[in-house]
Amino acid sequence: MIKRFFLSGLIASMMSGPIHAQDSTPNAHSIEQGKQLFQSCASCHGQDAEGQKALGAPPLAGQLPSYLERAMTEFASGKRGKEDHYAQQMSAMSGLLQNEAQRNAIVTYLSSLKTKDIQVPNRSSDAAYRLYQANCGGCHGVKAEGNKALNSPRLAGMDAAYLQRQLEHFKSGKRGGSSRYAKQMQMMANTLKNADDIALVSKFISTL
Amino acid sequence: MNKSLLLAAITLAVGFGLGQYLAKDNAPVIKANKPDKSFAGGYEAKQDDTLKSNADVVLPGSGDTITVNPGQKIQDAVIAAKPGDTIMVMPGKYEETIYIDKDSIRLIGVIQEGQRAELNGRGELNDAILYSGNNITVENFLITKYKGNGIMGQAGNNFEIRGNVIVDTGVYGIFPQLGKNGIVSHNIISGIEDAAIYVGMSDNIHVAHNEVFDSVAGIEIENSRHSIVENNYVHNNTGGILAFITPGLPIKTTYDVIIRNNFVVGNNHKNFGAPGSTVAGIPPGTGILVMAADEVVIENNIITDNKTAGIMITDHYNAPNTTIDEGSDPYPDQVAILDNLMLRNGYDTIDEVKALMLTELKTGNPDIVRAGKSNDSCIYNRHRYITVGINDFKDCEFNNTKDVVTYLLDEPVPPREITAENKGKIAYLGICTGCHSYTGRIVGPPVQLIQALYMENPQGLADYIANPVKKRDDYPEMPPQNYLDEETRLAVAEYMLSRTN
């Protein structure tokens with residue numbers, strides 16, 4: 001077990017190697033370009049993409065690249081953006097996202113940002129912990145760190161109100177539509193029986 | 001002088017009066033073993049419809065003997081064997097997974113001057129021995145370094161698993177799943193990440209004379225009925241002996257379990273269960289744990305040095321890492337605690353238990369703790385222990401279990417019928433539910449999550465289980481199910497996707 005963790009750690013650090021490497025790599029170039037482009041987003045999502053609760057903007061730092069790409073494409077194409085007024089604000093900004101090269105640069109920049117280690121309190125007797133691990137952790141990770149193999153975004157650090165809104169949108173069908181991932185999420189949102197469960201699990205994730 | 005004497009006298013009188021009052025309420029009711037009456041047991045073979053069958057049984061041991069020497073493959077001998085044959089495996093090292101899918105095979109390790117036939121998984125193989133046949137015996141092996149199971153039964157009845165030494169082997173040491181009429185005895189098992197002995201969704205099981213230690217759970221009777229756990233030595237696990245209902249499994253009850261004459265000693269091992277799994281919630285220092293199981297009788301055990309509590313009884317609401325299953329009664333009812341020798345338990349208990357004790361203004365180290373609801377439970381000689389939460393337990397109307405010698409049956413029970421229609425279901429019950437429950441996390445992710453991932457895509461699921469890839473850092477690997485034929489894999493995929501609880 002320990003060996004396996006070590007190994008996956010090793011592979012991860014090998015993979016992330018180039019991103020932190022010297023300026024001459026193409027990645028460093030797009031990180032810089034992405035950083036420039038991100039300035040238009042920073043007023044809502046925060047200077048370090050840490051999210052701004054008061055504006056309803058989720059953190060983007062450390063988010064899985066594949067998820068960022070998908071979300072931006074969906075806002076750009078108008079597939080997302082009508083769920084609520086926050087989403088409308090986001091679609092108003094989507095002009096920036098029309099260009100694939102620009103999207104890629106932003107993704108590269110955001111996923112290069114360091115995030116703090118996630119601490120999961122050992123609170124297995126706590127109902128919220130249980131609910132999270134039973135219903136969400138299997139895809140989003142025990143620490144809500146996200147899971148690339150399952151296309152599940154990182155949730156750690158997101159604000160409770162944001163999470164609650166999204167869960168409600170999935171449940172009511174406002175968010176999601178026809179894509180397979182969205183349907184998966186709709187199904188799982190429906191395993192949360194009521195508003196109390198949604199609030200409980202959202203609050204738990206927001207503490208990570 | 002006079003005055004103070006008087007005062008002393010008054011104090012004495014008041015003290016005495018008070019003492020009497022207290023005694024009236026708290027005085028031990030000494031029973032002198034009255035009533036001397038046995039638990040009647042909860043099983044009547046006459047009323048058990050599953051016993052009716054006119055299938056012919058080939059008796060194990062009635063056929064030929066095949067010998068396997070080091071350098072040969074045990075699996076080849078299994079393939080060559082016919083029902084009734086005995087396979088004798090000579091001492092030496094064997095690195096393979098053995099799958100027994102025929103009936104009435106005895107697989108026996110030969111012990112020569114202490115040397116055993118060793119099954120070694122090199123830390124790479126998943127399972128040592130899987131059987132789906134009926135009337136299987138697995139005896140006298142040394143099993144080590146597998147990642148999944150030591151010995152796992154998948155819907156095989158009339159099994160005998162005895163004399164094996166299982167060291168440092170994955171998730172479950174001995175794991176009969178969906179079996180009826182089986183015995184697990186004289187095994188020594190240690191270093192298991194979940195349960196050393198895990199009886200899952202089974203009936204009429206006898207677990208006796210085993211030594212289990214250094215594991216997360218020692219002996220676990222889960223979603224099973226008519227079982228006896230006796231004469232085992234259970235030490236240094238996180239939790240010693242467990243009688244459970246795990247929510248979200250297709251068979252929803254545990255009842256009629258007798259736990260007697262065991263040593264349950266110093267089960268204080270650090271919990272190394274997979275995060276979020278049911279057993280990961282067991283507080284270190286739990287001697288015997290009853291969760292939602294009914295008619296559990298605990299008698300004559302020696303329960304010492306378990307730091308959280310000697311006996312813990314809880315419903316699903318108060319249990320760690322469990323979800324609520326509408327199909328299961330969440331309360332442990334009709335639990336009977338008869339005489340047990342309890343010493344030095346609860347000396348470093350958890351905050352939840354301390355809080356419970358505060359509500360009853362109790363001090364000291366708890367032997368017996370109950371959290372949540374429990375109906376119609378009882379205790380015998382309650383004055384012997386420090387308890388919390390059992391004030392509404394009645395006095396037991398029986399004080400022993402001697403009328404119930406065993407729940408094993410005189411005749412082998414017929415095999416479960418497997419047809420094209422129920423193939424998927426049997427595989428699901430016999431295999432998948434060992435690690436997947438509907439709503440919660442056992443070892444693998446919950447079934448409702450798998451349904452979301454593979455909706456309308458049973459073929460994708462069938463392909464995954466034939467050749468699983470690792471997807472989740474914090475979960476172990478899922479063992480490949482490619483020993484199931486293609487048709488069964490698709491059938492089980494469809495069945496898994498169709499479950500609703």
Side-chain angles (χ1 to χ4, degrees), chain A residues 1-9 11-12 118-152 154 170 176 178-194 197 200-201 204, chain B residues 123 147 170-171 193 247-248 271-283 314 316-326 350-353 355 371 436-442 444-457 460 468-477:
Chain A
M1 195 65 171
I2 288 178
K3 211 165 163 188
R4 196 189 310 136
F5 273 136
F6 178 68
L7 207 68
S8 62
I11 293 169
I118 307 168
Q119 301 295 332
V120 178
N122 189 3
R123 283 195 315 216
S124 51
S125 57
D126 177 312
Y129 175 95
R130 280 186 255 164
L131 193 63
Y132 175 80
Q133 297 302 354
N135 296 54
C136 327
C139 286
H140 291 282
V142 167
K143 301 170 165 185
E145 75 277 24
N147 185 327
K148 192 168 155 216
L150 294 163
N151 305 294
S152 307
R154 176 189 174 97
F170 278 121
S178 57
S179 96
R180 179 166 188 85
Y181 303 127
K183 273 200 201 154
Q184 290 171 350
M185 207 35 231
Q186 279 168 351
M187 252 175 102
M188 291 315 292
N190 279 322
T191 68
L192 300 171
K193 290 201 187 57
N194 48 39
D197 275 3
L200 202 64
V201 85
F204 175 79
Chain B
K147 293 191 298 187
V171 185
E193 215 178 274
N271 194 324
F272 57 104
S277 65
T278 314
V279 295
I282 301 173
T314 174
H316 276 152
Y317 295 100
N318 288 279
N321 287 4
T322 42
T323 47
I324 299 302
D325 178 343
E326 258 119 53
I350 52 176
D351 291 345
E352 286 89 336
V353 172
H436 296 284
S437 77
Y438 190 71
T439 44
R441 171 171 181 192
I442 313 184
V447 172
Q448 60 180 12
L449 182 158
I450 290 173
Q451 292 179 337
L453 289 175
Y454 288 94
M455 68 183 107
E456 295 149 25
N457 186 14
V469 290
K470 185 156 173 69
K471 294 190 171 176
R472 297 168 180 82
D473 278 350
D474 300 293
Y475 284 66
E477 278 163 55

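By convention in this document, chain letters (A, B, ...) are assigned in the order of the sequence lines, proteins followed by strands, and residues within each chain are numbered from 1. Just so it is clear, the structure is predicted and the values come from calculations on it, not from any experiment.
- Considering every non-hydrogen atom in both A134(A) and G440(B), the closest pair reads CB-CA, 4.0 Å.
- Residue contact with chain A, scored on non-hydrogen atoms closer than 4.5 Å, is absent for D351(B).
- Residues passing the ring-ring contact (aromatic ring centres under 6.0 Å, His included) test with F170(A): none are found, sequence neighbours excluded.
- Atom NZ of K471(B) is separated from atom CG of L150(A) by 5.5 Å, given to the nearest 0.5 angstrom.
- The distance from the NZ atom of K143(A) to the CG atom of D473(B) is 9.5 Å, given to the nearest 0.5 Å.
- Residues N135(A) and Q448(B) meet the side-chain proximity criterion, which asks for heavy atoms closer than 4.5 Å.
- Contact check for M187(A) versus L453(B): no side-chain heavy atoms found under the 4.5 Å cut-off.
- With hydrogens and angles ignored, the 3.5 Å screen pairs no side-chain donor or acceptor of R472(B) with any backbone N or O of C139(A).
- For the pair N457(B)/R180(A), a side-chain contact is recorded, criterion being any heavy-atom separation below 4.5 Å from C-beta on.
- Note that CD of Q184(A) and CD of Q451(B) are 12.5 Å apart. Values are rounded to the nearest 0.5 Å.
- Taking CD of Q133(A) as the reference point, atom CG of D474(B) lies at 8.5 Å (rounded to 0.5 Å).
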